[in-house]
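Structure, as structure tokens:
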Amino acid sequence: MFFTNPVILDPGVIIMTINEGDFIKISYTGKLEDGTIFDTTNEEVAKVHNIYNPNGRYGGDVIIIGVNQMISGLEEDIKEHETGYEGTVSIPPEKAFGVHLSKLIRDLPLKRFEQKPQVGMMVQYEGKQGKVLKVMGRHARLDFNSPMAGQIITYDYKIEAVLEDLKEKAVGLGALYMSQEMDIEIDGTVARVNVPLEFNYSQHWLNTKAQLALDMLKYTELTEVLYVETYTEELVKPDPGEEEQSEAEESDESESDEPEDSE
């Protein structure tokens with residue numbers, strides 16, 4: 001269990017300092033050296049700079065201090081301030097997305113790719129993502145460094161709050177993993193997570209739900225996490241339009257299977 005230490009400035013005014021294990025809510029905008037905005041919790045800023053994700057969640061992120069959920073340079077700066085702080089920090093490459101390493105630039109035979117690489121294309125190779133720098137005869141040169149490696153990163157950010165409520169912590173972690181607020185009920189130290197049925201078709205959910213439960217148990221006072229799927233006839237019955245389309249497709253397939261009349 002983690003606690004924050006309050007700093008009392010005036011009667012009735014309490015500012016919470018930031019400590020290891022704290023759940024904090026922050027809003028931020030990240031920029032590259034040329035001013036390009038690559039990440040933000042501000043929906044309008046995202047739309048203006050063409051990085052808006054309709055499936056994303058805006059308004060602020062919940063982060064746990066001390067568990068490597070953000071780049072080290074930003075976390076170090078956050079720990080030097082209190083709730084309500086708003087400012088800017090410039091972060092060198094070694095504390096941001098790493099220095100640019102020449103050993104991560106490789107020449108690979110074109111035959112190793114399913115489709116011919118084009119300059120500027122992002123491709124997957126052996127589980128890693130690389131950018132095609134050049135195509136030379138039967139080889140392609142790929143850069144497996146982070147696109148932001150070697151750059152000084154600037155963050156404008158605000159520490160919105162230090163979360164103390166158990167439900168807020170659980171919901172914040174759920175949103176961090178799934179980019180949307182989940183319906184979570186707390187009964188003592190047991191969390192009941194009402195899982196949307198559409199998550200059944202999400203590979204991301206299948207891959208991360210165990211880690212989400214582990215983080216809830218490890219970093220909060222929770223002792224048990226229940227994932228609950230609720231089915232009703234209204235939720236699972238097919239849409240009438242889909243039924244008609246399915247029947248029409250089956251009818252077409254049946255007709256196509258009938259043998260043609262021979263003369």
So, using salt bridge (charged side-chain N to carboxylate O under 4.0 Å, His left out) as the criterion, who are the partners of Lys31 when residues are at least two apart?
Asp156

Under the salt bridge (charged side-chain N to carboxylate O under 4.0 Å, His left out) rule, collect the residues that match up with Arg106, sequence neighbours excluded.
none

Are the side chain of Thr36 and the backbone of Leu32 linked by a donor-acceptor contact shorter than 3.5 Å?
no

Check whether Asp22 reaches the backbone of Asn19 with its side chain - one donor and one acceptor, N or O, closer than 3.5 Å.
yes

I'd like to know whether Glu185 forms a salt bridge (charged side-chain N to carboxylate O under 4.0 Å, His left out) with Lys167, so could you lay out the CA-CA distance, the side-chain angles of the two residues, the decisive distance to 0.1 Å, and finally the verdict.
CA-CA 7 Å; Glu185 302 169 13; Lys167 180 174 180 176; over 6 Å; no

Take atom CG in Asn200; do more than 12 heavy atoms of anything else shown fall under 6.0 Å from it?
yes

Nearest non-hydrogen partners of [X] and [Y], listed with the distance:
X      : Y      : result
Thr40  : Asn42  : OG1-N, 3.0 Å
Glu224 : Leu217 : N-CD2, 3.4 Å
Ile26  : Ile78  : CD1-CD1, 4.2 Å
Leu110 : Pro117 : CD2-CD, 3.7 Å
Ala191 : Ile186 : CB-CD1, 3.8 Å

Point-to-point distance, once rounded to the nearest 0.5 Å, from [atom1] of [X] to [atom2] of [Y]:
X      : Y      : atom1 : atom2 : value
Glu75  : Ile18  : CD    : CD1   : 10.5 Å
Gln211 : Leu173 : CD    : CG    : 10.0 Å
Tyr177 : Met182 : OH    : CE    : 12.5 Å
Glu160 : Ser27  : CD    : OG    : 3.5 Å

Run the side-chain donor-acceptor check on residues 140-149: report pairs under 3.5 Å with partners two or more places apart or on a different chain.
{"residue": "Arg141", "atom": "NE", "partner": "Asp107", "partner atom": "OD1", "Å": "2.8"}
{"residue": "Arg141", "atom": "NH2", "partner": "Asp107", "partner atom": "OD2", "Å": "3.2"}
{"residue": "Asp143", "atom": "OD1", "partner": "Asn145", "partner atom": "N", "Å": "2.9"}
{"residue": "Asp143", "atom": "OD1", "partner": "Asn145", "partner atom": "ND2", "Å": "2.8"}
{"residue": "Asp143", "atom": "OD2", "partner": "His100", "partner atom": "NE2", "Å": "2.8"}
{"residue": "Asn145", "atom": "OD1", "partner": "Leu101", "partner atom": "N", "Å": "2.9"}
{"residue": "Asn145", "atom": "ND2", "partner": "His100", "partner atom": "NE2", "Å": "3.4"}
{"residue": "Asn145", "atom": "ND2", "partner": "Leu101", "partner atom": "O", "Å": "2.9"}
{"residue": "Ser146", "atom": "OG", "partner": "Met148", "partner atom": "N", "Å": "3.2"}

Hey, does [Y] have a side-chain heavy atom less than 4.5 Å from the side chain of [X]?
X      : Y      : answer
Ser202 : Met178 : yes
Leu197 : Glu229 : yes
Leu206 : Phe199 : no
Val45  : Ile37  : yes

Between Tyr157 and Tyr85 (judged by ring centroids, cut-off 6.0 Å), do the two rings come close enough to count as a pair?
yes

Among residues at least two apart in sequence or on other chains, which ones pass side chain to side chain contact (heavy atoms under 4.5 Å, CB included) with [X]?
X      : value
Asn50  : none
Tyr201 : none
Thr232 : Glu234, Leu235

Please tabulate, for side-chain N and O atoms in residues 60-69, each donor-acceptor pair with protein atoms closer than 3.5 Å (sequence neighbours left out).
{"residue": "Asp61", "atom": "OD2", "partner": "Tyr28", "partner atom": "OH", "Å": "2.7"}
{"residue": "Gln69", "atom": "OE1", "partner": "Ile64", "partner atom": "N", "Å": "2.8"}

So Glu168 and Lys25, side chain to side chain contact (heavy atoms under 4.5 Å, CB included) or not? Walk me through it.
CA-CA 10 Å; Glu168 288 185 344; Lys25 183 176 182 179; over 6 Å; no

Count I, L, V, M, F, W, Y as connected when their side-chain heavy atoms are under 4.5 Å apart, and connections chain through other members. Are [X] and [Y] then in the same cluster?
X      : Y      : value
Tyr227 : Leu214 : no
Leu176 : Ile71  : yes
Val225 : Leu166 : yes

Provide the full list of salt bridge (charged side-chain N to carboxylate O under 4.0 Å, His left out) pairs with a residue in residues 196-207, sequence neighbours left out, each pair given once.
none

Extract all donor-acceptor atom pairs below 3.5 Å that involve side chains of residues 118-136 and protein atoms in other chains or at least two apart in sequence.
{"residue": "Tyr125", "atom": "OH", "partner": "Arg112", "partner atom": "NH1", "Å": "2.6"}

Give a yes or no on whether a salt bridge exists between Lys169 and Glu164, defined as a side-chain N under 4.0 angstrom from a carboxylate O.
no

Test question: given the 4.5 Å side-chain rule for I, L, V, M, F, W and Y, name all other residues clustered with Val228, or answer none.
Val190, Leu226

Hydrophobic cluster of Tyr52, others only, ordered by chain and residue number, side-chain cut-off 4.5 Å
Tyr58

Cut-off 3.5 Å, no hydrogens considered: what does the side-chain donor-acceptor table look like for residues 89-98, sequence neighbours left out?
{"residue": "Ser90", "atom": "OG", "partner": "Thr154", "partner atom": "OG1", "Å": "3.4"}
{"residue": "Lys95", "atom": "NZ", "partner": "Glu76", "partner atom": "OE1", "Å": "3.0"}

Check: Asp77/Tyr155 side-chain N/O donor and acceptor closer than 3.5 Å
no

Taking atom types as modelled, find out whether Glu221 and Thr189 have a side-chain donor-acceptor pair closer than 3.5 angstrom.
no

Stepwise side chain to side chain contact (heavy atoms under 4.5 Å, CB included) test for Ile159 and His81
CA-CA 8 Å; Ile159 305 174; His81 300 97; 4.1 Å; yes

